[in-house]
Amino acid sequence: MDYNFREIEKKWQDKWAAEKTFKAVTDPAKPKYYVLDMFPYPSGAGLHVGHPLGYIASDIVSRYKRLKGFNVLHPMGYDAFGLPAEQYAIQTGQHPEVTTMKNVARYRSQLDRIGFSYDWDREFRTCDPDYYKWTQWAFLKMFGSYYSNSLKSARPIEELIAAFEAHGTEGLDVACGEDLSFTAEQWKAFGEAEKSKVLMNYRIAYQGETSVNWCPALGTVLANDEVKDGLSVRGGHPVEQKKMTQWQLRVSAYAARLLEGLERLDWTDSLKEMQRNWIGRSEGTEMIFKVVTGSEERDVTIFTTRADTIFGVTFMVLAPESDLVPLVTTPEQKAEVEEYLAYVKKKTERERIAQTKTVTGVFTGSYGINPLTGEKVPVWISEYVLSGYGTGAIMAVPAHDSRDYAFAKKFGLPIIPLIEGCDVSEESFDAKEGTMCNSGFLNGMQVKEAVEAAKDYVEAHGLGRRKVNYRLRDAIFSRQRYWGEPFPIYYKDGIPTPLPFDKLPLTLPEVDEFRPTEDGQPPLARAKDWTYEGWPLETSTMPGFAGSSAYYLRYMDPHNDSALVSKEADEYWRNVDLYIGGTEHATGHLIYSRFWNKFLFDLGYVCEDEPFRKLINQGMIQGRSNFVYRVVGTNKFVSLGLRDRYETQEIHVDISLVRNDRLDLEGFKAWRPEFENAEFILENGEYICGWAVEKMSKSMFNVVNPDDICDNYGADTLRLYEMFLGPLEQSKPWDTKGIDGVHRFLRKFWRLFHEGQDFCVSDEKASPAELKVLHKLIAKEEADIAEFSFNTTVSAFMIAVGELSDLNCHKREILEPMVVMLSPFAPHIAEELWALLGHTESVGAASFPEYNEAFTVEDSVTYAVSFNGKTRFTAELPKSMDRAGVEAAVMAMPQTDKYLAGLSVVKVIVVPGKIVNIVVK
RNA sequence: GCGGGUGUGUUGAAAUUGGUAGACAAGCCAGACUUAGGAUCUGGUGCCUUCGGCGUAUGGGUUCGAGUCCCUUCACCCGCACCA
């Protein structure tokens, strides 16, 4: 009986599906293990061979953990709201749901062929109303909450209202947009609209005007992580800055906790570092400068991390968007300032990035007073100061900040050095080292002391206070799009009002077209009767990250109609033990999810405050493209080695026409009409193609489809090969060439159980040599899976199978545990052999074999004998021999004499079990 | 510019964490069986060579011993980027 993978794989996949083999049931008697893949966005292109890499790894861990006695939750679903389906809908008129469901079905059929052990009963799509009901629910909870800084927790907004009624803003320590100040009496006197506006300043989900990334081509705003280099991540369209009123999430309130939480997570350092940078904590000082405009005087607060440099302040700078700008502009400067603001406004984000080196700015006409020296310094406006960070105003110290330096040079402002011996004639001195000078009471101190001394001084004299700033901004939460979750908000007398919980889900209405309305309203404005009790409903929808922020919780209890997740399910499954996915979500999804989870934790809906305990980033699988070289102006194609003799043009060729870099000439001619009459200049009778590693994509003709691999080699081979390709976390090119090696291994494994065509396994007792092979492999697999080093496990299997074939071993005692151990990697062949071995239950119900050191212990060890560190020969010695014995034995060997000829021994170093080093002179 | 990472045969990669570098695979070469082979099996395969020597990007250091630890330089990849 040959290894017929097609028949075997079909048979077992059908059986797993029919019997729901991998159904997870809450079982307090067993320890739980939750393995999650970042669920995919089902794109129209289907899966390529790179996508399942992480899924295969997580499936191996899932199956392994089941063998180790864990109750494993391993679900899968789809991140189904998103731009591509909507763009397609705009172009074709086809409802995004239709496209999405078609793509989901395709994904599902591709996934099913690879033999994953998902519990498909828990599957859902983020666009299912049953699911997005809970996304809307969470939004309403955020709308109904504020963040208490003193309690470090979200609290119901009713508590805040009660506080306002009792004592206004007195003693308030909460996260907010701007610092408001009013008394209880004032609060009570506010009208409904006014109260709503005030509360927006504190809600965790709030509506507010902000500068947003507006993408005209997509007709929507985008979050910071959806924009890269001034272009939209999806589609690559230009993005500009625009002030708009938008729904936002007060993620910034959680900055400190998001940062601290990283300490407790088992994530890679690079990923944690990325999040730290994104959160961007910096310790500094807020200081008040009096600014004099004509006869008026007002306080301007600046933020600095270098309070020690205050004696070097020679000017101040405001962000162009700062509210202070109109207030401090003098009548004489008004025209110039307005011209500058117009210039800044018309720049797109992309231009701004491209021109970071150009220095621009304008003088306001006002002067600030240095609170320490009483000196007057001019107040400027420049785009290098950002309105969104700190206070949008800075004190400029050109001697010790390179940006201030460039500005001072350009506009001829004075530069005062503050560190002894520093040279500021060519560039600023940014390093925090040296002895202070020109700095009043700080003179003579080292910079590090001066930083603290200056902060103390400022606080002691009431000039300002210590302040921790974060770079993390609130998340913009509305999109002017159709294909997303509708906001459960209606406008009663213009006041944003939450829909009652029992009206959820608020389902997406039908519209006749998916593009914005003629007057620029979002597509939902096209819906007939988009109202609640006669009041208009919100017309924007939620962004892509909304649905993916709590999906891992829903898998714990996916059919619950009365809660996102029941208390019992949450307390059993708690959080994700192992999360596998790409790095591209480092600053998006992985921040939002942590925020979302912490919020639900604060309100007591979940019991863990971090969602993902351990996270692995699988590397990307790139494509390996092939090229042919056309001689310019002809239809002749020259082989790689000969192309230097011609002027050639490199052309991508479909990799299906190439094998081992040899071109299939007839296939190439048939590929495209223009190549029909192609002629070839061959080397050694063959056409050798060039190659390069590139992103796997249709346009490069280098896409490898997993279905084709399953057809030709089988899912087990695909799984093994993807793991064999190299370390999981590393990016690597796909190269189908090597796949025969693992396929051959599976056939060899199969043959261990067969004698000719017959299944043949003996009950004979295993020999010590055979047991050693087995137990070496057990130890190796245990260690490798703990470190996610799957490639070496596959190698170890190949070696073990090679050794067992050499030993001609067909014994059940050895082979049965081998099948169990192989089952996480190649489950189909394992199930088949397991059944042939006479078992009626799935191999998944077996236990992972116990490692017994006794079988692998050697009674002798090989010592490497070296002279002055150079290994000359090896010596086989009993393992029990002590150092002195080893030394004596080695010194007595004839080879030693040979290498000692004429030299004297200085000393002998014996490393037990490894090395004997003889130092000679 | 700042931060993180990587560098080993023709290729993907191993190396028990400081102990015989290149396991395992691919490719290539030779042989066997074949009408044939994108099939199967066997052997060889880092470089220079006569002994032997040289080899883990580069130059140095620590050590009896370094791919592994420390410093220098170079190259590449990733992330952030006017964050005061």
Side-chain angles (χ1 to χ4, degrees), chain A residues 228-229 268-278 280-282 284-285 302-306 309 317 319 352-353 355-359 382-386 388-397 400-404 406-407 430 469-473 583-584 586-587 617 619-620 624 659-662 664 691 721 724-727 729-742 744-745 747 779-780 783 789 791-800 802 862-874 906-920:
Chain A
K228 203 176 147 62
D229 298 332
T268 60
D269 290 335
S270 74
L271 196 81
K272 285 193 202 177
E273 201 54 35
M274 263 189 243
Q275 291 218 337
R276 283 192 197 105
N277 290 340
W278 192 258
R281 182 181 197 272
S282 75
T285 314
I302 60 96
F303 176 76
T304 180
T305 53
R306 293 294 302 272
T309 60
V317 189
R352 225 172 138 154
I353 289 164
Q355 298 173 7
T356 48
K357 292 287 172 284
T358 30
V359 179
S382 175
E383 56 184 332
Y384 86 87
V385 174
L386 306 174
Y389 184 76
T391 59
I394 63 157
M395 64 177 209
V397 186
H400 302 291
D401 182 290
S402 52
R403 295 152 302 176
D404 297 346
F407 196 83
D430 293 10
N469 250 335
Y470 294 94
R471 205 153 77 197
L472 185 70
R473 316 280 172 86
T583 356
E584 67 271 20
T587 52
N617 290 122
M620 267 220 286
R624 189 178 185 280
R659 194 174 168 97
N660 287 351
D661 291 337
R662 306 306 195 265
D664 167 6
W691 62 274
Y721 186 54
F724 186 66
L725 222 41
E729 305 197 36
Q730 195 173 296
S731 285
K732 55 228 154 192
W734 177 267
D735 190 352
T736 307
K737 266 197 309 207
I739 202 167
D740 292 317
V742 288
R744 239 171 252 149
F745 155 74
R747 290 217 298 261
K780 180 73 178 152
S789 173
N791 54 332
T792 52
T793 320
V794 179
S795 294
F797 261 103
M798 289 178 176
I799 295 167
T862 309
Y863 279 83
V865 181
S866 10
F867 294 83
N868 288 346
K870 302 248 183 267
T871 302
R872 300 298 180 176
F873 60 91
T874 57
V906 177
K907 62 173 166 175
V908 178
I909 296 153
V910 176
V911 181
K914 285 174 180 170
I915 293 272
V916 179
N917 189 43
I918 303 169
V919 185
V920 292

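Throughout, a chain's letter reflects where its sequence line sits, starting with A, and its residues are numbered from 1.
Straight-line distance between the C1' atoms of B:rA26 and B:rA14: roughly 15 Å, to the nearest whole Å. Across B:rA21 and B:rG65, the matching C1' atoms stand 14 Å from one another, rounded to whole Å.
A:Ser402 contributes atom OG, which lies 4.5 Å from atom CG of A:Asp430 (distance to the nearest 0.5 angstrom). To the nearest 0.5 Å, atoms CD1 (A:Ile302) and CD1 (A:Ile394) are separated by 8.5 Å.
Remark: RNA chain B takes part in the stems B:1-7 with B:74-80, B:10-12 with B:24-26, B:27-32 with B:40-45, B:46-48 with B:52-54, B:59-61 with B:69-71, each of 3 or more antiparallel Watson-Crick or G-U pairs, criterion distances under 3.5 Å.
For the pair A:Arg744 and B:rA26, the criterion of a side-chain N or O lying under 4.0 Å from OP1 or OP2 is met. In terms of phosphate contacts, A:Arg747 brings no side-chain nitrogen or oxygen within less than 4.0 Å of OP1 or OP2 of B:rA39. An OP1 or OP2 oxygen of B:rA84 is reached within less than 4.0 angstrom by a side-chain nitrogen or oxygen of A:Tyr389.
Distance CZ (A:Arg473) to P (B:rC80): 14 Å, rounded to an integer number of Å. Atom NZ in A:Lys272 sits about 19 Å away from atom C1' in B:rC78, given to the nearest Å. In this structure, the NZ atom of A:Lys914 is 6 Å from the P atom of B:rG19, given to the nearest Å. Atom P of nucleotide B:rG18 and atom CD1 of A:Ile909 are separated by 17 Å, given to the nearest angstrom. The distance between atom CZ of A:Phe303 and atom C1' of B:rC82, rounded to the nearest whole Å, is 16 Å. Between A:Met620 atom CE and B:rC78 atom P the separation is 9 Å, expressed in whole Å. If you measure from atom CG of A:Asp740 to atom P of B:rG37, you get 17 Å, rounded to the nearest angstrom. Taking atom CZ of A:Phe797 as the reference point, atom C1' of B:rA25 lies 16 Å away to the nearest angstrom.
Residue A:Ile915 places its side chain closer to B:rG19 than to any other of B:rC24, B:rG19, B:rG27. Nearest to the side chain of A:Glu383, among B:rG19, B:rA15, B:rC82, sits B:rC82. For A:Trp278, counting side-chain heavy atoms from C-beta on, the closest listed nucleotide (B:rA26, B:rC80, B:rC24) is B:rC80.
Between A:Thr792 and A:Thr304, the residue whose closest nucleotide on RNA chain B is further toward the 5' end is A:Thr792.
No hydrogens or angles considered: a donor-acceptor pair under 3.5 Å links the side chains of A:Thr792 and A:Ser789.
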Q | nucleotides 1-13 of chain B: protein proximity per nucleotide (B base, S sugar-phosphate only, - neither; heavy atom, under 4.0 Å) | A | --SS-------BS
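Aromatic pair A:Trp278/A:Tyr470: ring centres not closer than 6.0 Å.
Shown here, B:rG9 is classed syn by the O4'-C1'-N9-C4 or O4'-C1'-N1-C2 angle, which is within 90° of 0.
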